[in-house]
2 protein chains.
Amino acid sequence: MKESKPATIKEIARRLKLSPSTVSRALNDHPSIGLVTTERVKRLAAELNYEPNQTAIFFKQRKTFTVGVVLPSLSEPFFSAAISEIENVANEKRYTVIMGQSLDDPDRELRILQTLKTHRVDGVLMSIGKNTQDYRFIELLEGAGIPIVFFDCVPDLGDVNKVVSDLESGMLEAIDVFVSCGHHAIALINGPALLPASAERKKAYIKGLNQHGIPVKDEYIVNTDLTPEGNEAAILQLLSLPHRPSAVVSFNDYVALDVMKAVRQKGLALNQDIHFISYANYPLWKYMENPPMASIEQFPGEQGKKAASLLFELIDAKERSKPVHVVFKSRLISQG
Amino acid sequence: MKESKPATIKEIARRLKLSPSTVSRALNDHPSIGLVTTERVKRLAAELNYEPNQTAIFFKQRKTFTVGVVLPSLSEPFFSAAISEIENVANEKRYTVIMGQSLDDPDRELRILQTLKTHRVDGVLMSIGKNTQDYRFIELLEGAGIPIVFFDCVPDLGDVNKVVSDLESGMLEAIDVFVSCGHHAIALINGPALLPASAERKKAYIKGLNQHGIPVKDEYIVNTDLTPEGNEAAILQLLSLPHRPSAVVSFNDYVALDVMKAVRQKGLALNQDIHFISYANYPLWKYMENPPMASIEQFPGEQGKKAASLLFELIDAKERSKPVHVVFKSRLISQG
DNA sequence: CTGTTAGCGCCTTCAA
DNA sequence: TTGAAGGCGCTAACAG
């Protein structure tokens with residue numbers, strides 16, 4: 001039952017003594033084709049295991065029904081959650097997803113985008129890497145008529161489409177919770193200073209303290225380069241302060257993991273001597289003996305979903321529209 | 001600088017008063033074209049930002065330089081590690097990867113394969129879902145000339161290409177370690193009984209006990225459906241035995257997480273009252289206060305890499321060859 | 001309702 | 001060394 005050559009419209013037409021266009025129309029349920037003809041065509045098509053040659057259709061329609069997704073790393077649960085939703089939205093729209101991991105390497109990121117372009121994807125969803133500085137690729141793609149929507153880790157530019165989590169509301173909630181538990185010495189372990197995401201966190205942190213009339217102490221704000229060593233150094237710096245903080249908001253869960261480990265090794269009791277809340281990216285807190293008090297959830301699934309639907313709107317739109325910015329509120333989730 | 005219509009070979013030919021065929025040949029460094037012509041063509045091509053239309057090439061060459069990857073879930077670190085290596089191998093070969101998550105749903109799995117087929121991928125890499133029983137899709141793909149290589153979770157059939165971890169060597173090592181630590185009451189929390197992977201584990205477990213002259217007790221072998229509830233039920237069953245085991249090998253890390261949590265809740269001390277080793281799929285053990293003694297590593301990266309290179313061999317081969325089976329040895333990695 | 005014609009962009013004989 | 005012609009499979013404008 002193996003077909004050496006897959007059946008074509010031509011073949012069906014020949015056998016049925018019809019023209020290829022009639023067959024094509026019949027297969028696509030074109031209204032102008034008689035019911036009987038349509039039936040005959042479909043029956044034979046089924047018999048021959050006919051399947052339209054997508055590559056021919058892509059070629060003709062100048063559309064590939066494919067979108068590209070570029071993100072730093074699939075092994076981050078945040079992104080695997082996001083891409084799952086993206087996949088779902090794409091499937092509904094009958095689109096296929098091509099995915100590439102930049103691994104925070106700008107060159108690799110560029111190569112992936114190049115591939116996506118030559119593959120003529122209809123659109124791109126992207127979360128940029130930590131080290132990406134050069135945004136010229138955006139014009140490259142948009143110049144080729146490929147719309148692009150950024151999500152989560154987005155460039156600090158006004159004229160691009162982006163979907164992000166606000167970072168602020170969660171931070172304010174976190175500080176509210178800390179304060180209501182009696183904490184006043186609240187520190188921030190922030191990410192690399194030049195990351196926009198770090199600037200936002202810092203701003204929110206300061207705003208949160210201000211709301212409670214707590215003075216901002218410079219020594220309570222430390223940075224990490226997000227490596228395990230950097231994370232450890234950051235917490236040690238805080239612990240060595242004369243008046244060490246009793247509560248810490250950390251850049252993300254991975255930072256929190258390293259930091260909490262270091263705290264344990266120092267012989268301090270988690271959730272007693274010192275308390276943590278971090279921006280969430282889904283380690284398996286529920287299995288830990290001493291998880292952080294709470295996490296600031298950023299809803300990767302929602303972000304991915306929204307970014308994808310936005311992209312499809314752009315793909316379907318004829319005109320290029322004004323850049324769209326969508327902001328999701330982050331929210332504190334207790335890990336109790 | 002935005003091109004409304006991307007440049008084509010025809011366009012270049014028109015401007016240079018050459019024929020399209022000459023331009024095509026020049027761009028492909030065909031030896032029969034004069035050096036000067038080739039230069040002129042290439043220069044103009046660069047100027048016009050000419051890029052070959054892949055969709056046209058795919059169509060003409062009857063090849064898409066695309067491979068599909070189907071796996072249960074990206075959120076399992078095992079698979080994200082595997083797909084990263086697959087991506088790398090594919091990139092080297094200048095192939096693109098289309099990925100789909102089955103989420104252990106056979107219908108969804110089938111839909112993904114259908115999509116891959118209509119997209120005319122050149123080959124498929126696949127790890128089947130837990131609930132997949134019907135393997136007819138294999139003929140569907142191979143009938144269409146699409147080679148398929150299974151990895152990790154593979155069908156229990158002889159005539160397919162597969163790359164797996166052996167499961168046995170790691171289990172034997174695990175039992176060796178337990179025994180050398182003085183354990184004799186060694187239990188197995190296995191997966192669903194009808195999973196080939198469960199049968200293999202059980203066989204290895206029995207072999208391991210036999211090697212040490214330890215009698216196999218039926219009540220020390222329990223099964224879980226891999227849900228959190230099933231995992232908890234399994235360990236409770238073991239704990240309720242009159243002579244409860246002091247050492248347990250569990251189906252995988254996720255089972256171990258649930259199981260160890262239940263053990264803690266029962267007030268037992270991990271790594272004291274009861275010890276664990278599990279087949280690894282990468283939770284963040286290094287951050288845990290009481291990780292399992294060791295993990296049986298299955299090298300997802302290696303498996304993915306091997307499966308991918310195998311697939312490319314099959315794609316490049318003219319003839320259909322005998323099915324290939326590759327087995328990686330699993331190995332015990334201490335979590336000390 | 002159905003057929004004819006033409007062309008998407010590229011490559012590849014065949015002919016000059 | 002170059003050009004002309006044809007075709008991959010499908011669709012769509014234009015005729016009947």
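Because the structure is a prediction, the values reported are computed rather than measured. Residue numbers begin at 1 in each chain, while the letters A, B, ... track the order of the sequences.
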Roughly how many Å is it from [atom1] in [X] to [atom2] in [N], rounded to a whole number?
X: A/I12; N: D/dT11; atom1: CD1; atom2: P; answer: 11 Å
X: B/N53; N: C/dC10; atom1: CG; atom2: P; answer: 6 Å
X: B/K60; N: C/dT13; atom1: NZ; atom2: P; answer: 8 Å
X: A/I33; N: C/dG3; atom1: CD1; atom2: C1'; answer: 10 Å
X: B/H30; N: C/dT13; atom1: NE2; atom2: P; answer: 9 Å
X: B/I9; N: C/dC8; atom1: CD1; atom2: P; answer: 13 Å

*How do B/E51 and A/T38 order along DNA chain C: which one's closest nucleotide is nearer the 5' end?*
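Of the two residues, A/T38 wins.
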Q) A/L35 or A/P20: which one's nearest nucleotide on DNA chain C is closer to the 5' end? A)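 That would be A/L35.
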Among the nucleotides [options], which one has an atom lying closest to any side-chain atom of [X]?
X: B/S21; options: D/dA4, C/dC8, D/dC10; result: D/dA4
X: A/T37; options: C/dC8, C/dT2, D/dA12; result: C/dT2
X: A/I57; options: C/dG3, D/dC10, D/dC8; result: D/dC10
X: B/R62; options: D/dG9, C/dC8, C/dC10; result: D/dG9

(message) Applying a 4.0 Å non-hydrogen cut-off, can you work out what A/F58 is touching in the nucleic acid: base, sugar-phosphate, or nothing?
(response)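 Nothing, no nucleic acid heavy atom in range.
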Which is true for B/S32 with a 4.0 Å heavy-atom rule: it touches a base, it touches only sugar-phosphate, or it touches nothing?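 Since a base atom lies under 4.0 Å of B/S32, the category is base.
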Both A/N28 and A/K10 contact DNA chain D. Taking the nearest nucleotide for each, which residue is further toward the 5' end?
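Going by which nucleotide is closer to the 5' end, it is A/K10.
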*asked:* Before we go on, tell me: are the rings of A/F328 and A/F299 under 6.0 Å apart, centre to centre?
replied: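 No; A/F299 has its ring centre 6.0 Å or more from that of A/F328.
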Let me see the working for A/K93 and A/D316 under side chain to side chain contact (heavy atoms under 4.5 Å, CB included), right down to the final yes or no.
CA-CA 11 Å; A/K93 284 273 195 172; A/D316 292 339; 3.4 Å; yes
Ignoring hydrogens and geometry beyond distance, is the side chain of B/R25 in donor-acceptor contact with the base of D/dG3 at under 3.5 Å?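 Donor-acceptor pair under 3.5 Å: yes.
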| query | Would you find a donor on one side and an acceptor on the other, under 3.5 Å apart, between the side chain of B/N28 and the backbone of B/H30? | reply |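 The answer is no, because no donor-acceptor pair under 3.5 Å joins these two groups.
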Quiz item: Is the ring centre of A/F59 under 5.5 Å from the base ring centre of C/dC8, and are the two planes under 30° apart, so that they stack?
Solution: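 Check passed, A/F59 stacks on base of C/dC8.
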Answer yes or no: is there a side-chain heavy-atom contact under 4.5 Å between B/L157 and B/I138?
->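 They are in contact (side-chain heavy atoms under 4.5 Å apart), so the answer is yes.
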Fit a plane to each ring of A/H119 and B/F58, take the angle between them on a 0 to 90° scale, and name the class: parallel (under 30°), tilted (30 to 60°) or perpendicular (over 60°).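 Geometry flag for B/F58 against A/H119: tilted rings.
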